[in-house]
There are 2 protein chains.
Amino acid sequence: MKFSKIKQHIYSKIASGEWPENHPVSSENALAIQFKVSRMTARRALQELADEGLVIRSKGSGTYVAPLKSQTSFMAIRNIADEIRARQHDYEAHVHVLRQVPASLQVAEQLQVEPETPVFYSVITHLENGLPVQVEERYVNPAVATDYLKQDFRQITPHEYLSAVAPLTEASHQIEAVTPSTHVCEWLELAKPEPCLRIVRRTWSDAGVVTYAVLTHPGSRFVLGGHLTFKA
Amino acid sequence: MKFSKIKQHIYSKIASGEWPENHPVSSENALAIQFKVSRMTARRALQELADEGLVIRSKGSGTYVAPLKSQTSFMAIRNIADEIRARQHDYEAHVHVLRQVPASLQVAEQLQVEPETPVFYSVITHLENGLPVQVEERYVNPAVATDYLKQDFRQITPHEYLSAVAPLTEASHQIEAVTPSTHVCEWLELAKPEPCLRIVRRTWSDAGVVTYAVLTHPGSRFVLGGHLTFKA
DNA sequence: TAGTGGTCTAGACCACTTT
DNA sequence: AAGTGGTCTAGACCACTAT
């Protein structure tokens with residue numbers, strides 16, 4: 001597709017840092033000439049980048065690389081280890097489970113594999129200054145991440161490893177408030193059950209479903225935040 | 001705009017229930033003739049509806065009303081009344097409180113006004129098929145929305161009214177899991193406290209902070225969802 | 001085979017911003 | 001006045017789906 005070649009070109013300029021925040025992006029007409037396409041095709045590339053929050057367009061003025069904050073922290077696939085370290089707190093991971101299990105009906109459906117297919121399963125708690133702030137129960141499609149069980153998840157998070165072996169193309173999230181199971185209470189070192197924030201996430205790469213994860217945060221120790229700006 | 005008239009037309013068909021889930025939507029060519037526009041313009045209307053998740057398009061087959069998941073997108077600032085109606089469920093609002101109150105220290109800080117300044121305060125529950133799914137406690141900067149107390153919030157949501165009088169330029173969110181207060185339990189008609197999803201939202205317009213809202217959802221009746229794609 | 005959505009073209013006019 | 005993005009047109013070819 002012609003428009004996606006143009007998007008790719010602009011995306012690489014931004015990703016490489018060659019075009020920093022607020023740097024002007026080539027105009028529709030300039031791109032049309034440069035890529036030998038009609039203006040409508042160049043326009044589509046810029047429009048989709050704007051919809052994705054990568055650039056800001058202003059009538060009469062031009063198109064500019066978006067400030068990072070408007071790339072939305074909500075949408076970002078966050079890495080909890082990086083976030084904790086960014087707060088200059090100690091990060092630590094405890095690996096409770098790391099093995100192959102047969103897929104239950106529910107897991108099979110989520111991962112789009114046949115029931116009873118062996119899949120990888122891990123349970124890891126993430127600690128901030130020694131206090132568990134998230135338990136991560138994760139099922140992984142073994143066809144996509146064959147070496148999953150060999151990783152040392154005290155050193156690298158599953159998210160980091162999976163991003164490396166199977167670049168994300170798609171993700172879905174569900175956020176809800178729940179009462180934690182007794183298992184989760186133990187992993188989170190909760191003496192009594194308390195309301196927990198549960199994030200259920202499924203991610204895809206080109207090869208299909210990569211992973212199905214249930215992330216549970218104690219309500220007393222975790223807030224999910226975001227900031228959005230709407231600039232014309 | 002011509003394309004938005006077409007969107008409006010299709011939206012009303014879906015919202016009214018005239019076109020239920022999976023009902024075929026008029027084709028690009030049909031809409032182009034009906035609305036006396038070019039196919040590209042009709043196409044844009046359908047494309048934007050697809051981007052918003054209201055319709056599904058299949059090459060060679062056609063465009064269909066999307067299955068309505070009981071999920072709320074957390075990407076966009078949405079209107080709960082529209083979402084409930086989009087699911088073809090009954091929407092109803094109960095106004096529990098609507099008056100002026102002096103700003104407490106916390107509220108004054110959030111709204112960036114002096115403590116004890118009179119501010120507007122409302123408590124409204126939103127019901128889906130008669131069941132409360134959200135209680136909305138809201139403080140409003142009276143300088144920005146002078147007629148707030150005169151509105152009938154059974155007919156228009158505070159979000160709709162505020163969007164009209166003070167277009168959003170910025171918003172921040174916090175999402176957490178909490179045990180509801182006894183007040184909130186009453187508003188939500190919860191016999192026993194259960195984990196609730198609490199969304200705290202502050203919004204700005206050009207004139208400054210518009211509103212500070214605490215939205216509480218019963219965990220058993222609400223899931224916040226989102227879907228992202230990363231296309232080249 | 002007829003209809004559909006997906007992509008693309010080469011123009012056009014407008015409102016807006018910048019110089 | 002020149003350039004930019006926003007909207008729109010009237011065609012075109014393609015791949016896909018349904019019949």
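Just so you know, these numbers come straight off a predicted model, no measurement behind them. Here is the naming used below: chain letters follow the sequence lines, and residue numbers restart at 1 for every chain.
For the pair Ser122(B) (side chain) and Val97(B) (backbone), a donor-acceptor distance under 3.5 Å is absent.
Put simply, chain A comes within 4.0 Å of DNA chain C, heavy atom to any atom, from dT7(C) to dT17(C), going 5' to 3'.
Taking the six-membered ring where the residue is Trp, Phe120(B) and Tyr148(B) present parallel rings, their angle staying beneath 30° rather than reaching 60°. Note on ring orientation: taking the six-membered ring where Trp is involved, the planes of Phe153(A) and Tyr161(A) are perpendicular (angle over 60°, cut-offs 30° and 60°). By the 30° and 60° cut-offs, the orientation of the rings of His9(A) relative to Trp19(A) is perpendicular. Between His94(B) and His96(B), the ring planes are perpendicular. Angles over 60° get that label, and only those under 30° would be called parallel.
Comparing Arg43(B) and Ala30(B) by the nucleotide of DNA chain C that holds the closest heavy atom to each, the one mapping nearer the 5' end is Ala30(B). Closest-nucleotide positions on DNA chain D for Gly60(A) and Arg39(A) were compared, and the one nearer the 5' end corresponds to Gly60(A).
Residue contacts shown for Arg44(B) are limited to sugar-phosphate atoms, with no base heavy atom under 4.0 Å away.
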